[in-house]
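Below is one structure, written out as structure tokens; comments come after it.
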Amino acid sequence: MSLSRDQIAKRVAQELQDGFYVNLGIGIPTLVANYVPTDMEVMLQSENGLLGMGPYPTEDNVDADMINAGKETVTAVTGASIFSSAESFAMIRGGHVDLTVLGAFEVDQNGNIASYMIPGKLVKGMGGAMDLVAGAQNIVVTMTHADKRGNSKLLASCSLPLTGVDCINKVVTDLAVMKIENGAFHLLERAPGVSVEEIIEKTAGKLIVPEFVPEMSFE
Amino acid sequence: MSLSRDQIAKRVAQELQDGFYVNLGIGIPTLVANYVPTDMEVMLQSENGLLGMGPYPTEDNVDADMINAGKETVTAVTGASIFSSAESFAMIRGGHVDLTVLGAFEVDQNGNIASYMIPGKLVKGMGGAMDLVAGAQNIVVTMTHADKRGNSKLLASCSLPLTGVDCINKVVTDLAVMKIENGAFHLLERAPGVSVEEIIEKTAGKLIVPEFVPEMSFE
Amino acid sequence: MAGFDKVVDTYEQAMSGLTDGMTVIAGGFGLCGIPEGLIAQIKTMKTSGLTFVSNNCGVDDFGLGILLQEKQIKKMISSYVGENAEFERQYLAGELEVELTPQGTLAEKMRAGGAGIPAFYTATGYGTPVAEGKEVKEFNGRQYILEESITGEFAIIRAWKADKMGNLVYRDTAMNFNPMAATAGKTTVVEVEEIVEVGELKPMEIQTPGIYVDRIIKGSFEKRIERLTLAKN
Amino acid sequence: MAGFDKVVDTYEQAMSGLTDGMTVIAGGFGLCGIPEGLIAQIKTMKTSGLTFVSNNCGVDDFGLGILLQEKQIKKMISSYVGENAEFERQYLAGELEVELTPQGTLAEKMRAGGAGIPAFYTATGYGTPVAEGKEVKEFNGRQYILEESITGEFAIIRAWKADKMGNLVYRDTAMNFNPMAATAGKTTVVEVEEIVEVGELKPMEIQTPGIYVDRIIKGSFEKRIERLTLAKN
């Protein structure tokens, strides 16, 4: 069975470590915040200038001046700091964020990512995505393994305009966990009940498959 | 009579305007603060991170954490702000300071300045001087017209290593006020009782002398 | 403090000197922290052919979007310009130029512009459409592109409090691009929620020193929320 | 907050990992805002061949000067290195390398290092000995030189207060180079006057977010004054 969005988020949450500063993109990455292990603390960075993003506010404490990078109203946790956009991206560009999780249209075997622009459609802009992929040492991309027509999104070479080059280390899809190294995807785990064959079939880029591929564990 | 250090400072103070942000270097420039006209307000910038430098402290309010760029204990005026060295030099380099006053060993007719290094002597460093001369739109140099042996310090071309090129607009010496423009010094005023001939004699660089050279006024 | 009193009474005074074809750096992220009254004044003035440097372009009927409606904007330099139907129409019709710039690069371009740094290298955008036509240079085995800084004839920003000398503090994430924008305008105009006496803001709490600020006006703000998101139960 | 508790109890722990030949970025201006106890710990450790990036090099018997006395410093990257006789002796004897860097360029090199910007252009130093061997480029009719950023294996800084997560506030002009130095170290160690509980420092008052800080130690400071200057009664 392919994973649900929440299950993908839950699997990504296993990449967290106590004391990590983490930037979560819009969509599935945002859900990761719901699965931070209870014995662990992480600080969420929002690139509009907030380190220590908290939950959404109650109706009583909504404040138009407290939003996240997705323009949603949020709160700040105890220990949070607020700063300018230049400072926020100094943090990101300077490699100080421990883990960045974001979505993508395509990822390729060389760690390139395409996530912001589909030619022919209106270009809305890259926002902070290019800075995030260029700055982070440790990036996890979350996406479905293939698009709705069954075309693989894990390619030999991205077909869409790139957001960044040679920057993605790890991909968590609805079917598998893979790392990217030396010009290939390396299959690390498969979703419970998903066959290695299905993953091979839906991966267009070079895929290295070890002898034994464990199922993801969610206990 | 050539001007005293205090008189030079007094003459430089006439370059101030109400509402100016001003950076005063070490030595004669520091004295300018004593001659700010009483109907005028200026804010003094100290490049270690203080905008709104006040007088020296009394013994009771000395604070090791409140110093100026000359490492002297100082106070802050009402309305002062304190910031990092990067922010301070962003201000300076970005041309936000209205007037900079500093000393020099030599100035030449092309607006070059040498002020930090005499080969053969120990090099102590340029501190913030290179940033100040590169950043300011409006710089006044204060110095004696000639050195102790009578050698002119206003040259066709500086002989010492430069602090900055093509950056000095105005020079106030013990003998004269000059502007620098189009590759020449232009004599604007002479010290009371000092002859135009003496100024010509002590100026090695190209000097343009108008028909009438007024004496400085100190009323 | 005559020479340092930067408070103006009317929006006309606040935006006086803005003329057709100028570049305006605007603070704000989405609709958060935008100088609402200064934008409205530009609409009133009907100034046109403007280039705006702003992370976003508001929504159809609020923020910079209202200047799009009036066709006063020639060009936008932004990182993200969704949420705006009129923007889309003008862009597709070729009536509006857009220079998409990564958000962090945009913030740094403003800061650099204010700080007298004409250009800097960044890895952001290398190998992407953003890098087209830009110089590439290698440092420590990695490729970087050269990005030039941005300044404008005007900067329009919002702060929380200003003292009369223009020392500013911001309120929470309404800070965003405002401090950098403040440094990058030849004339910087700030619209604030509150004007306080000089001395009320302490030296260490001031986030933008008054040296960057030319005019201050007290505004009143709608503070529209773009995406109201509440905790479940 | 186990994972975010950065407080250490001993100077040994604070400087653990520093080894011969490393580059250390140090905050402070003159003797103001220097991490006195961390410097003393480096003396105790006898680590040698160090490169220090610091605006100044202390005086003979205080600040970084005490590491000069022990010949632990191989190279200084500074803007001003007067007030130090042993410095002069070692420099003239060829025992000490010195890279003089304009003060604003030095501050910006640290900031850029922390911000992932490998190099930037500045007019500062163009046409002077500082420009030797550096790339020159013209922007808008003016000449600028390319300056590369600086990072170090360690940064040692002083702040006024830290919460246990490493959020920092500084005290008056003891701030100086400390915030930039904090960002430029692979391991950043801060010595503070006071450690407070998380939450005591408000989000908008924090000057260095904890993300830059790895270790915190409470120090006690002599705070020697280099030039006591008093008002004339």
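The figures here come from the full heavy-atom set of this structure, side chains too, leaving out hydrogens, waters and symmetry mates. Not measured: the values here are computed from a predicted model. Numbered from 1 within each chain, the chains take letters A, B, ... in sequence-line order.
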Practice task
Kindly check if the number of other-residue, nucleotide or ligand heavy atoms within 6.0 Å of NZ (A/Lys206) is above 12?
Solution key: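 No, not enclosed.
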Exercise for the section: Given salt bridge (Lys or Arg N to Asp or Glu O under 4.0 Å), test A/Asp166 with C/Arg142 step by step and report yes or no. Expected result: CA-CA 11 Å; A/Asp166 191 13; C/Arg142 193 170 180 199; over 6 Å; no
Identify which part of [X] has an atom lying under 4.5 Å from any heavy atom of chain A, answering side chain, backbone, both or neither.
{"X": "C/Leu106", "value": "neither"}
{"X": "C/Ile225", "value": "side chain"}
{"X": "C/Ser78", "value": "neither"}
{"X": "C/Glu222", "value": "neither"}
{"X": "C/Tyr91", "value": "side chain"}

Problem - Interface moiety of A/Pro55 toward chain C, non-hydrogen atoms closer than 4.5 Å - result: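 Nothing of A/Pro55, per the 4.5 Å heavy-atom cut-off to chain C.
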Do you know which of [options] has the most heavy-atom pairs with chain A at a distance under 4.5 angstrom?
{"options": "C/Gly104, C/Gly33, C/Ala107", "answer": "C/Gly104"}
{"options": "C/Met110, C/Glu108, C/Arg171", "answer": "C/Arg171"}
{"options": "C/Val98, C/Thr101, C/Leu31", "answer": "C/Thr101"}
{"options": "C/Trp160, C/Phe221, C/Phe177, C/Tyr170", "answer": "C/Phe177"}

Problem - Residue-level contacts of residues 75-96 of chain A with chain C, using a heavy-atom cutoff under 4.5 Å - result: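 At a heavy-atom separation under 4.5 Å, chain C is reached by A/Ile82, A/Phe83, A/Ser84, A/Ser85, A/Ala86, A/Phe89, A/Arg93.
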Problem - Heavy-atom contacts under 4.5 Å, residues 127-140 of chain A to chain C - result: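 If one takes a 4.5 Å heavy-atom cut-off, the residues of residues 127-140 of chain A near chain C are A/Gly127, A/Gly128, A/Met130, A/Asp131, A/Ala134.
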Practice task
Kindly compute the distance separating NZ (A/Lys124) from CG (C/Asn84), expressed to the nearest 0.5 Å.
Solution key: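 Between atom NZ of A/Lys124 and atom CG of C/Asn84 there are 10.0 Å.
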Practice task
Look up atom CG in C/Asn55 and atom CG in A/Asn48, then write down how far apart they are to the nearest 0.5 Å.
Solution key: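 C/Asn55 atom CG to A/Asn48 atom CG measures 9.5 Å (nearest 0.5 Å).
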List the atom of [X], the atom of [Y], and the distance in Å for their closest heavy-atom pair.
{"X": "A/Met126", "Y": "C/Leu100", "answer": "CE-CB, 3.7 Å"}
{"X": "A/Gly164", "Y": "C/Thr128", "answer": "N-CG2, 3.8 Å"}
{"X": "C/Glu226", "Y": "A/Lys71", "answer": "OE1-CD, 3.4 Å"}
{"X": "A/Tyr56", "Y": "C/Leu230", "answer": "CB-C, 3.5 Å"}

Practice task
List in chain and number order the residues that pass side-chain hydrogen bond (donor to acceptor under 3.5 Å, both in side chains) with C/Gln41, two or more places apart in sequence or in another chain; answer none if no residue qualifies.
Solution key: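 With neighbours one apart ignored, the set is empty.
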Handout entry: residues 129-141 of chain C: residues contacting chain A (heavy atom under 4.5 Å, by number)
Key =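 Residues C/Pro129, C/Val130 are the ones that qualify, each having a heavy atom under 4.5 Å from chain A.
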Practice task
Check whether any side-chain heavy atom of C/Gln143 sits under 4.5 Å from a side-chain heavy atom of A/Val165, and report yes or no.
Solution key: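 No - every pair of side-chain heavy atoms lies 4.5 Å or more apart.
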Handout entry: Among the listed options A/Asp65, A/Leu162, A/Thr163, A/Thr73, the residue most often paired with chain C at heavy-atom distances under 4.5 Å
Key =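 Greatest number of close heavy-atom pairs with chain C: A/Asp65.
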Handout entry: Top of A/Leu50, A/Asn112, A/Asp63 for chain C proximity - count of heavy-atom pairs under 4.5 angstrom
Key =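 Most pairs with chain C among the choices: A/Asp63.
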Exercise for the section: Look at the side chain of C/Thr173 and the backbone N and O of A/Ile67, then say whether any donor-acceptor pair between them is shorter than 3.5 Å. Expected result: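 Answer holds: yes.
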